[in-house]
Each structure stands twice: as structure tokens, then as C-alpha cells.
Amino acid sequence: MNKELHEKFVSLWDRYFHGAELPIAFFYTDNPKKGELARSAKGHRCMIGDLALVRKGKSLLFNADNLTCPGGKRYLGYSQVLAPKFEYFLSCGIPGELEGERYKKSPEIVKEFIKHVPTFEAPGKYIAFVRWDHLADEDEPEAVIFFAGPDVLSGLFTLANFDAASLEGHVGTPFGSGCMSIVHYPLLEKKKDEPRAILGMFDPSARPSVPDWSITFTVPPKRFRTMVLNMEESFLTTPSWNLVSRRIEKRSEGGSL
């Protein structure tokens with residue numbers, strides 16, 4: 001990755017978001033030395049909970065073997081198969097056979113939703129999640145993931161839209177699972193000429209795996225670079241933001257941003 005951009009972001013993040021935790025990034029690789037293989041589990045386990053270790057500085061690798069959630073495998077690119085009767089699982093369920101999550105009103109709506117979600121094949125044996133300050137020069141992030149509360153999110157959201165003229169702006173909030181919001185959708189956005197950042201982690205099933213104050217804000221590389229280069233001429237230099245940044249610094253002592 002661009003070493004100058006890497007260092008510039010760290011410096012500016014500390015200046016304008018002092019006390020807020022650094023983001024993490026993900027990329028695909030065939031190199032098993034890029035992190036520790038995340039522990040396997042018997043049965044279903046949401047991989048989102050493991051990212052707490054990454055946020056603390058431990059690099060983790062996931063692959064087709066240690067991803068035990070069918071959705072996680074699919075949305076990280078290690079399977080194109082949906083769980084049996086998925087349209088009922090995501091909606092009303094089947095009495096006496098399958099409990100439904102009731103995230104969609106009917107199986108028909110789920111089927112229509114699935115039509116618009118493309119699958120992809122992971123371009124590497126592993127997907128590595130690494131905290132920003134632990135990225136190596138040769139690592140090329142597919143996206144940058146922030147776990148943040150309202151004040152930090154307000155800064156990220158406004159910065160992403162700093163150069164946007166459209167009402168929709170450069171931030172999207174598509175429906176999906178926690179892993180869709182931080183991997184699948186950002187990868188789709190990366191292919192666009194004007195990629196959007198993705199607000200996520202609204203999935204009630206994933207919420208127990210993250211701090212109750214946090215939402216994710218995931219940024220494809222092109223949008224991330226623009227945001228970093230815009231920081232020093234944006235609202236971040238104003239007295240208005242200074243008031244918010246002081247509160248971020250103060251609240252960081254309590255661990256809630």
C-alpha cells in the first residue's frame with residue numbers, strides 16, 4: 001500500500017479524532033503468515049465477534065474451514081451456496097421445523113432480495129483482518145473498517161460527503177448481515193467509479209458480537225484516499241469540529257466513542 005498515505009492518515013487521525021481507535025482493514029492472501037488462523041468452532045459462530053481481537057492488534061485469518069456460519073462463508077467469498085430454505089429462515093420460518101429470524105416480511109421478499117445480491121469467489125486462500133497500524137507495505141486493503149460511535153461517525157460521514165454534490169452522497173446503508181456490510185458490499189462498491197462508504201452492523205444477530213455503542217463505517221480504497229486527502233481543508237479544521245473532537249478525546253477514556 002501507499003506508505004505515505006498510510007502514515008498521513010495515522011497523523012491526521014490522531015490530530016482530528018484523538019482518542020478514537022484506529023480502523024482495521026481486510027485483504028485476501030495466500031500467505032498463511034499474514035495473521036493467526038482464527039479458531040474453529042463446532043456449529044455456527046459469527047466471525048464478527050473475532051474482530052474484537054483484531055481491533056486490539058491481533059491479525060486474524062479466515063478461510064473456508066474456520067468460517068462456520070453459512071452466511072459468513074457466502075459473503076466472504078468462500079461459498080456460493082445458501083442455507084436450505086433460507087427464504088424461510090430470514091422471514092417467517094416454518095412452524096415445527098425452522099425458526100425464522102423475521103428480518104423480512106415474507107419468503108417472497110427474501111427471494112426477490114437474493115436476486116440482487118451477486119456472489120463472488122474469494123481471490124485468496126485466506127481473508128486477513130489487520131489493524132491499520134499493523135499493515136505491511138505490501139498489503140493492499142480491499143476496504144478500511146471503522147468501529148465507531150455517533151461523534152466519530154458524524155466526522156466520517158461528513159468527510160465522505162465533503163466532495164459530494166448529489167443528495168444521496170457517498171455513503172450507503174444497504175440491508176444485510178454484519179459480514180455483508182463490512183466485506184461484501186464494500187467489495188461491490190470498490191468496482192464503481194464513485195464508490196460509497198457503507199454504514200453497517202445493524203444486523204440484530206451480529207449486534208451481540210460488537211460493543212453496544214458501535215456501528216461500522218467501511219470505506220473502499222478509492223473513497224478512503226479521497227477522504228484522507230480532504231481532511232486538512234475540511235470542517236475538521238473548524239471550531240465546530242474542535243468541540244466534537246474534545247468530546248471524542250474525553251469519552252475515549254471511558255471506552256465509548
Side-chain angles (χ1 to χ4, degrees), residues 24-28 44-51 62-94 98-129 141-147 160 166 168-210 215-224:
I24 67 175
F26 76 87
F27 56 90
Y28 288 91
H44 175 279
R45 185 181 87 246
C46 180
M47 54 80 61
I48 297 298
D50 293 311
L51 298 185
F62 296 86
N63 61 13
D65 297 324
N66 63 5
L67 289 167
T68 57
C69 169
K73 277 189 178 182
R74 179 180 172 87
Y75 300 127
L76 272 62
Y78 291 101
S79 172
Q80 284 72 50
V81 179
L82 282 169
K85 301 177 181 178
F86 179 75
E87 66 271 26
Y88 292 94
F89 169 71
L90 200 64
S91 60
C92 59
I94 302 174
L98 177 67
E99 183 177 355
E101 289 189 314
R102 296 187 178 273
Y103 293 158
K104 289 294 184 182
K105 188 172 183 177
S106 69
E108 290 72 28
I109 290 177
V110 177
K111 287 182 179 179
E112 186 63 27
F113 167 73
I114 293 171
K115 289 180 183 179
H116 303 286
V117 182
T119 59
F120 72 99
E121 186 173 343
K125 184 176 181 180
Y126 308 100
I127 180 172
F129 288 85
E142 299 282 357
V144 183
I145 308 165
F146 296 83
F147 285 78
S166 68
E168 292 80 9
H170 292 149
V171 180
T173 316
F175 171 84
S177 64
C179 52
M180 285 184 80
S181 67
I182 63 171
V183 175
H184 192 91
Y185 285 130
L187 286 174
L188 295 178
E189 290 294 327
K190 183 186 175 186
K191 300 176 182 178
K192 299 179 180 179
D193 292 334
E194 291 291 335
R196 301 176 302 166
I198 298 296
L199 269 173
M201 215 54 64
F202 298 106
D203 174 13
S205 297
R207 289 303 305 165
S209 299
V210 298
I215 292 295
T216 54
F217 190 93
T218 306
V219 193
K222 184 177 180 180
R223 177 63 51 209
F224 179 77

#### Entry: Polar side-chain atom of T216 near backbone of T218 as donor-acceptor pair, under 3.5 Å
no
### Query
Below 4.5 Å, heavy atoms only, C-beta onward: do P204 and Y103 meet side chain to side chain?
yes
### Message
Between K222 and D193 (salt bridge meaning N to carboxylate O under 4.0 Å), is one present in this structure?
### Response
no
### Minimum heavy-atom distance between R45 and C69, given as atom pair plus value
O-CB, 3.8 Å
### Query
Is the side chain of S209 donor-acceptor paired with the backbone N or O of I48 at a distance under 3.5 Å, no angle test?
no
### Query
What is the distance from atom CD1 of I94 to atom NZ of K85, rounded to the nearest 0.5 Å?
4.5 Å
### Task
Check L76 against I127 and note the closest heavy-atom contact, atom names and distance.
CD2-CG2, 3.8 Å
### Query
Got P107 and C92 here, is their nearest side-chain heavy-atom distance under 4.5 Å?
yes
### K115/E112 ion pair, N-O < 4.0 Å
yes
### Query
Can you find a heavy atom in the side chain of V81 that is under 4.5 Å from one in the side chain of R74?
no
### Q80 (side chain) donor-acceptor with F120 (main chain) under 3.5 angstrom
yes
### Task
Can you run down the ring pair (Phe, Tyr, Trp, His ring centres under 6.0 Å) pairs that involve residues 71-90, sequence neighbours left out, and say none if there aren't any?
Y75-H184
### Task
Drop me the distance from S91's OG to K105's NZ, to the nearest 0.5 angstrom.
12.0 Å
### Task
Supply the atom-to-atom distance K73 NZ to F62 CZ, rounded to the nearest 0.5 angstrom.
13.5 Å
### Query
Between L188 and P118, is any pair of side-chain heavy atoms under 4.5 Å apart?
yes
### Message
Using the rule given for side-chain contact (heavy atoms from CB on, under 4.5 Å), can you reason through F202 versus T173, listing the C-alpha separation, both sets of side-chain angles and the distance that settles it, and then say yes or no?
### Response
CA-CA 9 Å; F202 298 106; T173 316; 3.4 Å; yes
### Message
Test side-chain contact (heavy atoms from CB on, under 4.5 Å) on I145 and F129; report intermediate values, then the result.
### Response
CA-CA 10 Å; I145 308 165; F129 288 85; 4.1 Å; yes
### Query
Does a side-chain heavy-atom distance below 4.5 Å link M180 with V117?
yes
### Query
Parallel, tilted or perpendicular: which describes the rings of F146 and F217, with under 30° parallel and over 60° perpendicular?
perpendicular
#### Entry: Distance in Å, R207 CZ paired with C46 SG, rounded so as to fall on 0.5 Å steps
11.5 Å
### Task
Kindly check if the number of other-residue, nucleotide or ligand heavy atoms within 6.0 Å of CD (E99) is above 12?
no
### Query
For the atom pair OG (S181) and CD1 (I198), what is the distance rounded to the nearest 0.5 Å?
8.5 Å
### Task
Specify the closest pair of heavy atoms between N63 and D65, including all atoms of both residues, with the distance to one decimal.
OD1-N, 2.9 Å
### Message
Quick check: closest heavy atoms across G178 and A206, and the distance to 0.1 Å?
### Response
CA-CB, 4.2 Å
#### Entry: E101 CD to S205 OG distance, which is reported to the nearest 0.5 Å
4.0 Å
### Query
Between F113 and F175, is the ring centre distance below 6.0 Å?
yes
### Message
Less than 4.5 Å apart, side chain to side chain, heavy atoms only: is that true for V210 and L51?
### Response
no
### Query
Got a donor-acceptor contact below 3.5 angstrom from the H170 side chain to the R196 backbone?
no
### Query
Which heavy-atom pair separates E194 from E189 by the least distance, and what is that distance?
O-OE1, 4.4 Å
### Message
Does the structure place the NZ or CZ of K190 under 6.0 Å from the centre of the six-membered ring of Y185, at an angle of no more than 45° from the ring's axis?
### Response
no
### Query
Which heavy atom of K111 sits nearest a heavy atom of E87, and at what distance?
CE-OE2, 3.6 Å
